Amino acid sequence: MTANLSLSGRTILVTGAGYGIGREAALTYARAGATVLLLGRTQEALNDTYDLIEQEGLPQAAVLPFDLETQDEEAFRELASLIEQHFNHLDGVLMNASILGQRTPLESYDWNTFQRVMQVNVNGQFALIKHLLPLLRQAPADASVIFTTSSVGRQGRAYWGAYSVSKFATEGLMQVLAQELENTSQIRVNCINPGATRTSMRAAAFPAEDPTTVTAIEDIMPLYLHLMSPTSKDTHGQSLDAQPQRAPSA
Ligand SMILES: NC(=O)c1ccc[n+]([C@@H]2O[C@H](COP(=O)([O-])OP(=O)(O)OC[C@H]3O[C@@H](n4cnc5c(N)ncnc54)[C@H](OP(=O)(O)O)[C@@H]3O)[C@@H](O)[C@H]2O)c1
């Protein structure tokens with residue numbers, strides 16, 4: 001690993017760290033030397049990620065069970081305060097947690113599912129970044145915020161409903177925040193579109209697809225590491241593809 005890709009001494013929060021891309025990103029950041037704060041809904045899954053980090057002898061992680069759907073603003077405030085007490089500041093945040101919702105026409109889209117998807121994928125991220133920004137401002141060097149988008153967040157697609165709408169909102173959240181921080185802070189803000197990646201969300205969206213034809217999670221990690229490390233110091237307000245060579249899929 002080049003010195004600039006090192007995350008040694010950095011503290012990075014990863015949402016949705018119990019499964020899929022979030023788990024792999026947490027491992028990638030820990031292997032680069034970071035202390036990773038593992039946030040997600042399912043405690044056992046977070047514990048499994050914690051154990052994987054432990055087994056490799058990497059910097060000890062922390063498990064933060066937190067449901068982005070059901071918490072009120074006070075809970076987000078308390079979460080930030082807990083992180084500050086134990087870690088003082090944050091050097092990076094990967095906003096990765098999302099839910100897929102239904103694949104159905106808007107006309108028949110379930111009301112409650114629409115609210116849930118927007119709550120987890122958009123409102124939860126707004127609340128998190130609102131309360132974590134003061135911790136990112138306290139980072140001793142550069143800090144990085146990565147949001148997770150999708151091809152259907154750049155070009156609307158039939159039957160992708162709330163998920164597609166929520167990813168447009170994610171791009172918007174990133175752009176608004178990036179402009180607000182322009183030239184006034186050492187915090188850079190970007191989006192990653194992972195592209196089709198072999199996870200349970202992908203399998204749920206494309207049940208007939210042969211998973212072995214889909215890119216393995218490890219293969220998209222170079223962009224996740226680059227954007228979190230000082231090598232990307234000058235990248236700000238961008239929406240980048242982890243698989244630029246592949247046609248848009250989801
Ligand atoms: N895989 C792809 O092909 C693909 C393509 C484009 C974009 N993406 C995006 O990449 C990101 C990761 O997706 P993935 O494929 O790795 O999906 P995944 O395996 O389903 O993982 C989603 C993660 O989000 C967490 N999560 C869901 N609801 C939550 C809540 N209410 N509170 C806290 N955490 C919650 C899940 O944990 P719990 O189950 O414990 O809640 C899980 O760890 C998502 O933003 C997704 O939209 C994926």
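These numbers were taken from a predicted model, which means no experiment stands behind them. Atoms within a ligand are numbered from 1 in the order they appear, just like the ligands themselves. Sequence positions, counted from 1, serve as the residue numbers for this chain.
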So is A45 close enough to ligand 1, meaning a heavy atom under 4.0 angstrom away?
no

Can you find a non-hydrogen atom of A204 under 4.0 Å from ligand 1?
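Heavy atoms of A204 never come under 4.0 Å of ligand 1.
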
Which ligand 1 atoms, with their elements, are less than 4.0 angstrom from a heavy-atom of [X]?
X	answer
A196	3 (O)
T148	9 (C), 10 (O), 11 (C), 45 (O)
E69	31 (N)
D67	30 (C), 31 (N), 32 (N)
I99	27 (C), 28 (N)
S200	19 (O), 20 (O)

Would you say the side chains of [X] and [Y] form a donor-acceptor pair under 3.5 Å?
X	Y	answer
Y50	Q60	yes
H226	T231	yes
T197	T199	no
R157	S164	no

Among all protein heavy atoms in this structure, tell me which lies nearest to [atom], with the distance rounded to 0.1 Å.
atom	result
atom 23 (C) of ligand 1	G16 CA, 3.8 Å
atom 35 (C) of ligand 1	A97 CB, 3.8 Å
atom 41 (O) of ligand 1	R41 NE, 2.6 Å
atom 14 (P) of ligand 1	T199 OG1, 3.6 Å
atom 47 (O) of ligand 1	Y163 OH, 2.5 Å
atom 33 (C) of ligand 1	F66 O, 3.4 Å
atom 20 (O) of ligand 1	M201 CB, 3.6 Å
atom 44 (C) of ligand 1	N96 O, 3.1 Å

For ligand 1, indicate whether the residue T149 contacts it via side chain, backbone, both or neither (heavy-atom separation under 4.0 Å).
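Near ligand 1, T149 shows its backbone, while the atoms from C-beta on stay back.
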
Heavy-atom pairs closer than 4.0 Å: do any link ligand 1 to the side chain of K167, the backbone, both, or neither?
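Under 4.0 Å from ligand 1, K167 contributes side-chain atoms alone.
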
So do the side chains of L94 and Y224 get within less than 4.5 Å of each other, counting heavy atoms only?
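Sidechains of Y224 and L94: in contact.
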
State, yes or no, whether a side-chain contact exists between M174 and M95 at a heavy-atom distance under 4.5 Å.
no

Is it the case that ligand 1 has an N or O less than 3.5 angstrom from some N or O of [X]?
X	answer
S98	yes
T42	yes
I21	yes

Taking atom CD as the centre, does E107 end up with more than 12 heavy-atom neighbours from other residues, nucleotides or ligands that are less than 6.0 angstrom away?
no

Looking at Q179, I want to see if its CD is surrounded by more than 12 non-hydrogen atoms of other residues, nucleotides or ligands under 6.0 Å.
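Result for CD/Q179: open.
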
Among L227, T148, D241, which residue satisfies the side-chain contact (heavy atoms from CB on, under 4.5 Å) criterion with I192?
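Passing option: L227.
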
With a cut-off of under 6.0 Å to the ring centre and 45° to the axis, is R103 in cation-pi contact with F206?
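Yes - R103 lies over the ring of F206, closer than 6.0 Å to its centre and within 45° of its axis.
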
Interatomic distance, L37 atom CG to L79 atom CG [nearest 0.5 angstrom]
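Reported to 0.5 Å precision, the distance equals 9.0 Å.
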
Just how far is it from atom CD1 of I83 to atom CG of L39, taken to the nearest 0.5 Å?
7.5 Å

Mutual orientation of the aromatic rings belonging to H131 and F76 [parallel < 30°, tilted 30-60°, perpendicular > 60°]
parallel

